[in-house]
A.B. asks: 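Quick one: structure below, then a few questions.
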Amino acid sequence: MTEYTGNFTNTHGKIAIVVAKFNEIVTKNLVRGAKETLHQFGIQDDEIDVIWVPGAFEIDFTAQKLIKSDKYAGIMTLGAVIKG
């Protein structure tokens, strides 16, 4: 297994979290974990925007729109596709 590590430098820019509402029982916990991790690096709640989309298919489209907006220093995408 290859493992990569690095140093995190907080640029104090806004971070977007794009998350699928589908399988919310899973994704709401993913959001909580992502926010907790960002807090560990000194990123405050007012620097985090959470954007809920209907499902996994909408994540990519929304992330592309956010990238083009130049509003965010980073974008996280979260979703859960569960075979059912």
Side-chain angles (χ1 to χ4, degrees):
M1 174 176 80
T2 304
E3 185 175 318
Y4 300 95
T5 60
N7 296 322
F8 177 80
T9 303
N10 186 353
T11 61
H12 293 289
K14 289 189 74 80
I15 303 294
I17 301 174
V18 181
V19 57
K21 202 163 183 57
F22 196 78
N23 289 322
E24 188 175 3
I25 195 163
V26 174
T27 59
K28 69 180 177 184
N29 291 313
L30 294 174
V31 171
R32 186 175 67 237
K35 289 173 73 175
E36 288 173 1
T37 301
L38 291 171
H39 292 156
Q40 289 176 356
F41 289 106
I43 298 172
Q44 304 300 314
D45 279 332
D46 62 344
E47 297 175 297
I48 303 169
D49 289 342
V50 179
I51 298 98
W52 290 91
V53 296
F57 289 112
E58 292 82 9
I59 292 172
D60 180 56
F61 174 78
T62 305
Q64 287 182 41
K65 288 287 205 181
L66 295 174
I67 290 168
K68 291 177 184 175
S69 76
D70 286 330
K71 183 179 176 182
Y72 296 98
I75 299 171
M76 300 173 75
T77 59
L78 303 172
V81 178
I82 301 170
K83 183 178 179 181

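Computed from a prediction, not measured in an experiment: that's the story for all the values here. Basis for what follows: all heavy atoms, side chains included, without hydrogens, waters or symmetry-related copies.
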A.B. asks: For residues Asn23 and Ala80, report the shortest heavy-atom separation together with the two atoms involved.
C.D. replies: ND2-O, 2.6 Å

A.B. asks: Compare every heavy atom of Ala20 with every heavy atom of Ala56, then report the nearest pair and how far apart it is.
C.D. replies: N-CB, 3.9 Å

A.B. asks: For the pair Gln64 (side chain) and Phe61 (backbone), establish whether a donor and an acceptor sit closer than 3.5 Å, ignoring hydrogens and angles.
C.D. replies: no

A.B. asks: Does some side-chain heavy atom of Leu38 sit less than 4.5 Å from a side-chain heavy atom of Ile17?
C.D. replies: yes

A.B. asks: Output the distance between atom CD (Glu24) and atom CG (Asn29), rounded to the nearest 0.5 Å.
C.D. replies: 10.0 Å

A.B. asks: Identify the heavy atoms of Lys14 and Lys71 that sit nearest to each other, and give their distance.
C.D. replies: CB-O, 4.0 Å

A.B. asks: Are Ile59 and Ile67 co-members of a hydrophobic cluster defined by side-chain heavy atoms under 4.5 Å apart?
C.D. replies: yes

A.B. asks: Would you call Leu78 and Thr27 a side-chain contact if the rule is heavy atoms closer than 4.5 Å?
C.D. replies: no

A.B. asks: When you look at CZ of Phe22, are more than 12 heavy atoms from neighbouring residues, nucleotides or ligands closer to it than 6.0 Å?
C.D. replies: no

A.B. asks: What distance separates Gln44 CD from Lys35 NZ, expressed to the nearest 0.5 Å?
C.D. replies: 11.5 Å

A.B. asks: Side chains of Tyr72 and Asp49: does their closest heavy-atom pair fall under 4.5 Å?
C.D. replies: yes

A.B. asks: Tell me the closest heavy-atom pair linking Gly42 and Glu47, and the distance in Å.
C.D. replies: O-OE1, 4.0 Å

A.B. asks: A side-chain contact here means heavy atoms from C-beta on lying under 4.5 Å apart; do Leu30 and Val19 qualify?
C.D. replies: no

A.B. asks: Report yes or no: do Ile48 and Val31 belong to one cluster of Ile/Leu/Val/Met/Phe/Trp/Tyr joined by side chain heavy-atom distances under 4.5 Å?
C.D. replies: yes

A.B. asks: Of the non-hydrogen atoms in Leu66 and Ala16, which two are nearest, and what is the gap between them?
C.D. replies: CD1-CB, 3.9 Å

A.B. asks: Looking at NZ of Lys68 and NZ of Lys65, how far apart are the two atoms once the value is rounded to the nearest 0.5 Å?
C.D. replies: 6.5 Å

A.B. asks: Using the rule that Ile, Leu, Val, Met, Phe, Trp and Tyr join whenever any side-chain heavy atoms are under 4.5 Å apart, tell me whether Phe57 and Ile82 fall into a single cluster.
C.D. replies: no

A.B. asks: Do Ile43 and Ile51 belong together in a cluster built from hydrophobic side chains that touch within less than 4.5 Å?
C.D. replies: no

A.B. asks: Same hydrophobic cluster for Val50 and Ile25, using side-chain heavy-atom links shorter than 4.5 Å among ILVMFWY?
C.D. replies: yes

A.B. asks: So do the side chains of Asp45 and His39 get within less than 4.5 Å of each other, counting heavy atoms only?
C.D. replies: yes

